[in-house]
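Okay, so here's the structure we're looking at.
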Number of protein chains: 2
Amino acid sequence: MGSESRCENCIIRQFNSLRAMSKEELKKVSDSKVVKKVKKGEAIFEEGDKLNGVFCVRDGVSKLSKLSSNGKDQIVKLASKGEVMGQRSVISEESANLSAVAVNDMQLCYIPKEVIVDSLHKNPDFTLEVLRHMANDLREADDVIVNISQKTVKQRIAEAFIYLKTNFGEDKEGYLLLVLSREDIANVVGTATESCIRIISEFKKKGLLKSSGKRLGIIDEKKLRDLAEGF
Amino acid sequence: MGSESRCENCIIRQFNSLRAMSKEELKKVSDSKVVKKVKKGEAIFEEGDKLNGVFCVRDGVSKLSKLSSNGKDQIVKLASKGEVMGQRSVISEESANLSAVAVNDMQLCYIPKEVIVDSLHKNPDFTLEVLRHMANDLREADDVIVNISQKTVKQRIAEAFIYLKTNFGEDKEGYLLLVLSREDIANVVGTATESCIRIISEFKKKGLLKSSGKRLGIIDEKKLRDLAEGF
DNA sequence: AAATATATATGATATTTGTCAGCTTTTCAA
DNA sequence: TTGAAAAGCTGACAAATATCATATATATTT
């Protein structure tokens, strides 16, 4: 087994709360973890599932969404390299409130909850680190609430593109690295797919966005930002 | 000083994360805390303030809201007896992302952050308890996101009344104990005040709600629930 | 009690957004 | 490669919601 498959040596850990674990704790995690490969479109877990562990994203992106009573999915968060999914459910000892589906091919480390829960009780540094991450998620969620209820669909779509660029980057040609379908973008923004398509078309016509195949790229970031702010 | 003014004896503590504190920790908290009285409409802290402590609600209700770029307030949470406000900012070492304003006359205990931060580093039981509360807030925030983006204003207002009844109760005459202005209800739901008033009027005409002065009461809870679910 | 301010109410209208239908393009597997 | 399925696109229309104007009721101050 290569040394990079040991959590102690995993660079990704630096980005999440596992960095606050001791050598011994990491050894336990590493010994009990299972590496999983998930293909684009496959589910990692579903709303209502009892999670017996958490998933640490090694590669790829997952959408965390919740089905509303009218049958539409609302994407609440996009989790990428370094993020830990399922923590909330394990901590609350509740079943998952969100579904996780792979947006592209993914590599995950599945860590059984026992070792996590054990550290939560014994290592305050780790617990505090998890708490800090959750505090950050909560602030982001509050921001999303304000945006969805106070901004127009056009503003939110403009904002979504800025978000995709700053969080997932773009290639040398200026296309967003994270490729989402129009439906997924609509589900992030909380609007109908057709409305989303219409506005993206409008942005293309106005020279704010460009597209090539299913890839989308930002041409005029400043104008998009202004739009998102309501100018 | 009456013994009920000592945190060790405070019943309210049973509802929040302070219950996981040791006797000694509570003694420290009690010695450093300051009781504050805030009148209806007064601000406790504002978005952007640096918080040097947290506020434990002893009595009354506070609205936690965020100003959007279009100048409207979005109420993200209503905090009542037992809840601790400002935790998130203290944990993240960031300035407040929300404003807190008293909805009615309030009594608060202000606890300097040092004693909280100290316990967060030393007492994993306490940290875990705070984490559990925050995990719960996060789940609630996710639910709000889905509701706001997928339900109609009418559904959300129906839901808001169910929420107000289950969380704050009603008097013997069947009026909600927590009295909110139509504007506040609109800001909880994320809609224009006029739209909110219109729908409340409609609900009154249909015999779902009743009003007397500024008090509002639920007449037909079942129909309200059905409405909220989209029937 | 009168005067003023604030909250609630309602109509008319404009804007935004969703829905349905049909069409074109792309993707993917047989 | 070719044909089915999925994704993207666009128009027409309907529904939901916001905005503006104005009226009335309620609360607050003088």
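First the proteins, then the strands, lettered A, B, ... as listed; each starts at 1. Both backbone and side-chain heavy atoms feed into the values below; hydrogens, waters and symmetry mates do not.
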What protein N or O atoms touch nucleotides 13-16 of chain D N or O atoms at under 3.5 angstrom, if any, and at what distances?
none

Tabulated below should be each protein N or O lying under 3.5 Å from an N or O of nucleotides 22-30 of chain D; please produce it.
none

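What separates NZ of A/K39 from P of C/dA29 is a distance of 10 Å, to the nearest Å. Rounded to a whole Å, the CZ atom of A/R182 is 19 Å from the P atom of C/dT24. Atom-to-atom, CG of B/L216 to P of C/dT8 comes out at 9 Å; the value is rounded to the nearest Å. Taking atom CD1 on B/I157 and atom C1' on D/dA18, their separation rounds to 13 Å, with Å as the unit. One interatomic measurement links the two molecules: CD of B/Q150 to C1' of D/dT17, which rounds to 17 Å at whole-angstrom precision. Atom-to-atom, CD of A/E183 to P of C/dG18 comes out at 14 Å; the value is rounded to the nearest Å.
Partner B/L108 forms a side chain to side chain contact (heavy atoms under 4.5 Å, CB included) with one of B/V54, B/V38, B/V34, B/V35 and no other, that one being B/V38. Checking each of B/D137, B/D142, B/N136 against B/R139 for a side-chain hydrogen bond (donor to acceptor under 3.5 Å, both in side chains) leaves exactly one that passes, namely B/N136.
Note: A/Y110 and A/F55 have tilted aromatic rings, judged against thresholds of 30 and 60 degrees for the angle between ring planes.
Contact check of residues 223-231 of chain B against DNA chain D (heavy atom, cut-off under 4.0 Å) returns no residues at all. Within residues 202-210 of chain A, the residues having any heavy atom under 4.0 Å from DNA chain D are, by residue number, A/K204. Near DNA chain D, meaning a heavy atom under 4.0 Å away, the residues from residues 189-200 of chain B are B/T191, B/A192, B/E194, B/S195, B/R198.
Remark: the backbone N or O of B/G82 is paired with a side-chain donor or acceptor of B/N16 at under 3.5 angstrom. The backbone N or O of B/T193 sits nowhere less than 3.5 Å from a side-chain atom of B/R182 that would complete a donor-acceptor pair. No side-chain donor-acceptor contact under 3.5 Å links B/N187 to the backbone of B/Q74. Under the 3.5 Å distance criterion, the side-chain polar atoms of A/N104 are matched with a main-chain donor or acceptor of A/V61.
Across all strands shown, A/K151 has no heavy atoms under 4.0 Å from either base or sugar-phosphate atoms.
Within 6.0 Å of NZ in B/K151 there are more than 12 heavy atoms belonging to other residues, nucleotides or ligands.
Comparing A/S149 and A/S181 by the nucleotide of DNA chain D whose heavy atom lies nearest to each, the residue mapping closer to the 5' end is A/S181.
In terms of heavy-atom proximity, B/K113 sits nearest to B/L51 at CD-O, 4.2 Å. The nearest pair of heavy atoms linking B/K210 to B/E173 is NZ-O, 2.7 Å.
Not less than 6.0 angstrom separates the ring centroid of B/F203 from the ring centroid of B/F161.
Considering only side-chain N and O atoms, A/S201 lies under 4.0 angstrom from the phosphate OP1 or OP2 of D/dT10.
A heavy-atom distance below 4.5 Å is found between the side chains of B/V153 and B/R156.
Rounded to 10 degrees, the angle separating the terminal helix axes of the helix from C/dA1-D/dT30 to C/dA30-D/dT1, each built from five base pairs, is 50°.
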